[in-house]
Amino acid sequence: MSGIEHGHVPVLLDEIMEALSPGPGDVVLDCTLGRGGHALAMGGRIGQDGLLIGVDRDADNLAYAGKRLEEEGVPHLTIHDSFVSITRHLAKLERSVDVVLADLGVSSNQLDTPARGFGFQEDAPLDMRLDHSGDTEDVRGLLARIGESELAQLIRTFGEDPYATTIARKIVNAREDGPITTTRQLADLVKAAYGAKAHASRVHPATRTFMALRIAINEEIPSLEILLDLISRGCETASAGGWINENARIGIISFHSLEDRPVKQAFSRWQKQGLVAGLTSGVVRPGEAEIQANPRSRSAKFRAVQVTGPNRPK
Ligand SMILES: C[S@@+](CC[C@H](N)C(=O)[O-])C[C@H]1O[C@@H](n2cnc3c(N)ncnc32)[C@H](O)[C@@H]1O
């Protein structure tokens with residue numbers, strides 16, 4: 001059920017099922033449905049009285065996962081949108097939830113489809129958008145307009161690349177000879193910015209720049225901040241008919257420190273406020289066996305909490 005034949009292997013599946021423990025009749029919200037690996041496992045526990053609500057910005061992933069849920073007879077709804085809009089959808093559906101999962105970032109099939117522009121093994125247009133449905137800017141557009149210092153800042157912040165300044169200058173200079181439109185073009189420019197140091201790098205020197213641009217173009221960090229705010233308000237209003245039910249379990253999987261830091265801080269703040277209790281003791285990481293079987297799980301970090309109610313004055 002969870003294999004790579006679906007384009008993505010769900011990480012930390014057993015640990016997530018144990019912590020979030022979806023049960024009969026539960027309404028489960030999967031904020032990042034992806035290929036449906038986690039959703040299918042959770043959906044298998046909720047019975048015919050439960051409901052699995054799956055959200056994704058990527059229409060192809062959403063359709064793929066929706067079909068899997070359909071085939072397995074899981075009662076479900078799919079929503080093509082960013083999770084930042086989730087409370088609007090739930091209000092319209094008149095639903096509140098017992099389980100919330102967000103598995104941040106991108107799925108393997110997205111990374112591995114050259115035409116999406118996330119990688120540079122093959123030459124392809126520099127797109128990197130998760131959602132193609134609107135008239136949103138892609139990386140080509142971003143690189144055509146962004147100023148040098150803003151670009152350097154972006155690569156430094158989201159890619160943590162020590163050569164951010166040199167890379168930005170190289171890109172901006174190259175732009176004078178014509179637009180940067182393909183993955184190979186960008187990868188070659190970054191490699192040239194690294195110069196002789198490119199050989200010392202364990203991964204391709206362009207890896208961090210590509211990650212930074214992907215995070216920026218999809219507004220991944222602001223979206224996570226909004227989701228955390230929504231969850232925070234949901235926890236505060238759990239006993240008053242808010243979108244998150246009392247005793248609900250909330251889990252977030254992150255893949256780099258820019259994601260994990262705000263999650264860790266928010267969870268710890270809510271615990272101090274008495275809104276939630278920890279379900280995992282700190283962070284849960286994949287074991288060696290999982291990393292061997294699925295090397296992309298290596299950087300996964302999972303944290304989970306359970307809603308306890310508002311902070312009542314003593
Ligand atoms: C790591 S994958 C999820 C994989 C999924 N758990 C599974 O088992 O197949 C992340 C998914 O989240 C989606 N995504 C990323 N940011 C999103 C956002 N702000 N709102 C909704 N979906 C988002 C991506 O399109 C991708 O399909």
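We count ligands from 1, going down the list as the structure has it; atoms in each ligand are counted the same way. What you see is a predicted model; the values in this text were computed from it and never measured. Along the sequence shown, the residues carry numbers beginning at 1.
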Problem - Under 3.5 Å donor-acceptor, Q306 side chain and N247 backbone - result: yes

Practice task
Hey, can you tell me if H204 and F120 have their rings parallel, tilted or perpendicular (30° and 60° cut-offs)?
Solution key: tilted

Handout entry: side-chain contact (heavy atoms from CB on, under 4.5 Å), paired with L101, selected from L29, L33, I16
Key = I16

Exercise for the section: In sequence, state the C-alpha distance, the side-chain angles, and the governing distance for E122 and T183, and then conclude on side chain to side chain contact (heavy atoms under 4.5 Å, CB included). Expected result: CA-CA 8 Å; E122 287 179 40; T183 54; over 6 Å; no

Practice task
Search all heavy atoms of T280 against all heavy atoms of R303 and return the closest pair with its distance.
Solution key: OG1-CA, 3.7 Å

Practice task
Give the minimum heavy-atom separation between A124 and A115, together with the two atoms involved.
Solution key: CB-CA, 4.2 Å

Identify all N/O pairs between ligand 1 and the protein with a separation under 3.5 Å and present them as a table of atom names and distances.
residue	atom	partner	partner atom	Å
ligand 1	6 (N)	H38	ND1	2.8
ligand 1	6 (N)	D103	OD2	2.8
ligand 1	8 (O)	G37	N	3.1
ligand 1	8 (O)	H38	N	3.1
ligand 1	8 (O)	H38	ND1	3.3
ligand 1	9 (O)	R35	N	2.9
ligand 1	9 (O)	G36	N	3.2
ligand 1	9 (O)	G37	N	3.4
ligand 1	19 (N)	S82	OG	3.2
ligand 1	20 (N)	F83	N	2.9
ligand 1	22 (N)	R57	N	3.2
ligand 1	25 (O)	D56	OD1	2.7
ligand 1	25 (O)	Q110	NE2	3.0
ligand 1	27 (O)	D56	OD1	3.3
ligand 1	27 (O)	D56	OD2	2.7
ligand 1	27 (O)	N61	ND2	2.9

